[in-house]
Amino acid sequence: MINPALRRQVINIYKELLNLGREYPLGYEYFQTRLHRAFASQAGLQNDEEIKKGIERAEYVKKEVEALYYVKRYRALRQRYAEN
C-alpha cells in the first residue's frame, strides 16, 4: 500500500506541473499529454524510496519549466525596452 503522504505529494506536484503547463510554448495539450505519460509510466512504483526519487525528479522538472518562463519573460522585456 502506498504511503498516503507520498500519494498527496505526487498529486500536488502533478497539479502544479499541469498549472505551469498552461503557458508552455508548444501548447497546453502537448505539455499535458507528455506529463500524463510520464506520470503513468511511474504509476506502478511501490517502494517509498523510488517514489521519493520520482517526486524529486518532478520538482526538478518544475524548476526547469519555471526557468524557461523566466527566460521567456526576460527576452520579451529586453526586446521591448532595448535601445535600437
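Fair warning: this is a prediction, and the values are worked out from it, not measured in the lab. These values consider heavy atoms only, across backbone and side chains, with no hydrogens, waters or symmetry-generated copies.
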With the 4.5 Å side-chain cut-off for hydrophobic clustering, are [X] and [Y] part of the same group?
{"X": "Leu35", "Y": "Tyr60", "value": "no"}
{"X": "Tyr70", "Y": "Tyr24", "value": "no"}
{"X": "Tyr74", "Y": "Leu68", "value": "no"}

Item to complete: Answer yes or no: are there more than 12 heavy-atom neighbours, outside Glu59 itself, under 6.0 Å from its atom CD?
Response: yes
Worksheet entry | Enclosure of Arg22 CZ (heavy-atom neighbours >12, cutoff 6.0 Å) | yes
Discussion item. The criterion is salt bridge (charged side-chain N to carboxylate O under 4.0 Å, His left out); which residues satisfy it with Glu50, sequence neighbours excluded?
Written reply: none
Worksheet item: Looking at residues at least two apart in the chain, or sitting in another chain, which of them share a salt bridge (charged side-chain N to carboxylate O under 4.0 Å, His left out) with Lys53?
Response: none
Tell me, do [X] and [Y] make a side-chain contact under 4.5 Å, heavy atoms counted?
{"X": "Asn3", "Y": "Arg7", "answer": "no"}
{"X": "Asn12", "Y": "Arg8", "answer": "yes"}
{"X": "His36", "Y": "Tyr14", "answer": "yes"}
{"X": "Gln42", "Y": "Arg57", "answer": "yes"}
{"X": "Phe39", "Y": "Ile11", "answer": "no"}

Worksheet entry | Pair Arg73, Tyr69: side-chain N/O donor-acceptor within cut-off below 3.5 Å | no
Nearest 0.5 Å please: distance from the [atom1] atom of [X] over to the [atom2] atom of [Y].
{"X": "Glu66", "Y": "Glu23", "atom1": "CD", "atom2": "CD", "value": "13.0 Å"}
{"X": "Gln46", "Y": "Ile51", "atom1": "CD", "atom2": "CD1", "value": "6.5 Å"}
{"X": "Ile55", "Y": "Ile13", "atom1": "CD1", "atom2": "CD1", "value": "8.5 Å"}

Response to the item:
Leu26 and Tyr30 have their tightest heavy-atom pair at CD1-CE2, 3.4 Å
